[in-house]
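Order of the sequence lines sets the chain letters (A, B, ...), proteins ahead of strands, with each chain counted from 1. Since this is a predicted model, take the numbers as computed values, not measurements. Atom set for the values below is all heavy atoms of this structure, side chains included, hydrogens, waters and symmetry mates excluded.
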2 protein chains.
Amino acid sequence: MTRPLYEAKAEFFRTLGHPARIRVLELLSERDHAVHELLEQIEIEPSNLSHQLAALRRTGLVTQSRRDGQVIYSVAVPEVRDLLMAARVILQAVIDDQATLSAELGAPATSES
Amino acid sequence: MTRPLYEAKAEFFRTLGHPARIRVLELLSERDHAVHELLEQIEIEPSNLSHQLAALRRTGLVTQSRRDGQVIYSVAVPEVRDLLMAARVILQAVIDDQATLSAELGAPATSES
DNA sequence: TGTTGACTTGAACAAATGTTCATGTTATAA
DNA sequence: TTATAACATGAACATTTGTTCAAGTCAACA
C-alpha cells in the first residue's frame, strides 16, 4: 500500500518538469500571485495554466485561496525556493562542464593530446 | 537559438522524474557503480536501465568510463547530492502537511471548528 | 435575475516518454 | 577464432502527459 519513496520522488520531480510550472513556482517563490497575474507573465492559455496549477496543487506544492474575486496562489512549502536554487547551481555546473568539454573538442590545440 | 532557461530547468527536472533514474542517482551519489551493480539494486531489465542511463548521460548528470571489462557510472556533478537532499526535505514537508491536513479533516474534534 | 470577469473542469486529440524485443558492440577468455 | 559477459542501440508499441476547446462554477455588479 505504501508506495516506495523513490516513486514519490520521481513524481515530485516530474511535477517540476514543465516550463510553465517552473515559471509559476519561481513567480510564487517571490510573492503570491493571482491567476491573472501569472497569465500576464506566462504565455499560455488560461485553461492550460489552470491545468498546470491543478497539477501543482495535487502534489501539494502550491495552495489556492480567494481574495475579493480573484484566486491567489502561494507556495505551500517555503523550501521550494531552496530547491530551485539548488537546481540552478547544478544546471549551471552541468552547462559549464559541457561548455568546457566542447571547447576542448573544438579547439584541441590548446594543450596536451 | 538560445533556449529559454526555464525550458532547460524543466528538462533537467524531467530527467529526475523517473523512479529508476532517481535510484541510479542515489546509488551513484554514494559511490561509483558498474552497470551490473546497478542492476542488482534496481528491478528493471538491462536494456531499460541502459536507456535510462543514456538519458542521464544526455543531460550531463552522469558520466561513463570503462574499467576492466565493466562500464562504470559516476555522477558528473557533486552537487547532485545536495539537490536530492533538498528534494527530500521538501517532499517530507509536503507529506507532513498533507498528513496534518487529513488528520484535521479526519478527526475534527481535536481542537477548534 | 441576468451579465460579466476570473477561473476551473472534462473530454478529445496530439505529442512526448517509457518499455520491450531484437540486434549490435566491445573486451576478455577459451 | 569463436564464445561469452557486459552493455548499448534502434525501432515498434504502450502508456503518460500536454494542449485545446467547449462548457461549467462562483462571486460581484448592473
- If only side-chain N and O atoms of Y73(B) are considered, is one of them under 4.0 Å from the OP1 or OP2 phosphate oxygen of dA6(D)? no
- Query: Taking side chain as C-beta onward, heavy atoms only, is L49(B) less than 4.5 Å from V24(B)?
  - Reply: yes
- Query: Can any side-chain N or O of R21(B) pair as donor or acceptor with the backbone N or O of R14(B) at less than 3.5 Å?
  - Reply: yes
- Whole-Å distance separating the CG atom of L53(B) from the P atom of dC7(D): 10 Å
- Task: Mark yes or no for a side-chain to base donor-acceptor pair under 3.5 Å between S50(A) and dC7(C), with no hydrogen or angle criteria applied.
- Result: no
- Query: To the nearest Å, how far apart are I72(A) CD1 and dC7(C) C1'?
  - Reply: 12 Å
- To the nearest Å, how far apart are L49(B) CG and dC21(C) P? 16 Å
- Respond yes when some side-chain nitrogen or oxygen of H36(A) is under 4.0 Å from OP1 or OP2 of dC7(C), and no when none is. yes
- Query: So what does R21(B) touch, heavy atoms closer than 4.0 Å: a base, only the sugar-phosphate, or nothing?
  - Reply: sugar-phosphate
- Item | Interatomic distance, N48(A) CG vs dA15(C) C1' [rounded to whole Å] | 13 Å
- In whole angstroms, how far is the P atom of dT19(C) from the CG atom of L39(B)? 14 Å
- Query: Crowded around R67(A) CZ? As in, over 12 foreign heavy atoms under 6.0 Å?
  - Reply: no
- Query: Can you tell if the side chain of L53(B) reaches within under 4.5 Å of the side chain of V71(B), non-hydrogen atoms only?
  - Reply: no
- Note on the structure: Separation of dG18(D) atom P from E43(A) atom CD, nearest Å, is 19 Å
- Query: H18(B) near the nucleic acid: base, sugar-phosphate alone, or nothing, with a heavy-atom cut-off under 4.0 Å?
  - Reply: sugar-phosphate
- Okay, side chain of Q41(A), backbone of L38(A): is any donor-acceptor separation there less than 3.5 Å? no
- Item | Interatomic distance where CD belongs to Q52(A) and P belongs to dC7(C) [whole Å] | 16 Å
- Message: How many whole angstroms separate atom CZ of R14(B) from atom P of dA16(C)?
- Response: 10 Å
- Do we count H51(B) as stacking onto dT9(D) if the rule is ring centres under 5.5 Å and planes under 30°? yes
- State which of dA8(D), dC21(D), dC7(C) makes the closest approach to the side chain of V71(B). dA8(D)
- Query: Just wondering, more than 12 heavy atoms not from E43(B) lying within 6.0 Å of its CD?
  - Reply: no
- Query: Just checking R67(A): base, sugar-phosphate only, or nothing, at a heavy-atom cut-off of under 4.0 Å?
  - Reply: nothing
- Under 4.0 Å between a side-chain N or O of R57(A) and OP1 or OP2 of dT9(C)? yes
Show me the protein contacts with nucleotides 26-30 of chain D, counting only N or O atoms at under 3.5 Å.
none

- To the nearest 0.5 Å, what is the distance between CZ (F12(B)) and CG (L16(A))? 10.0 Å
- Query: Is a donor-acceptor contact shorter than 3.5 angstrom present between the side chain of S47(A) and the base of dT19(D)?
  - Reply: no
- Task: Classify the nucleic acid contact of Q64(B) as base, sugar-phosphate or nothing, counting any heavy atom under 4.0 Å across all strands shown.
- Result: sugar-phosphate
- Message: Using only atom types and a distance under 3.5 Å, with no angle test, would you say the side chain of E7(A) pairs donor to acceptor with the backbone of P4(A)?
- Response: no
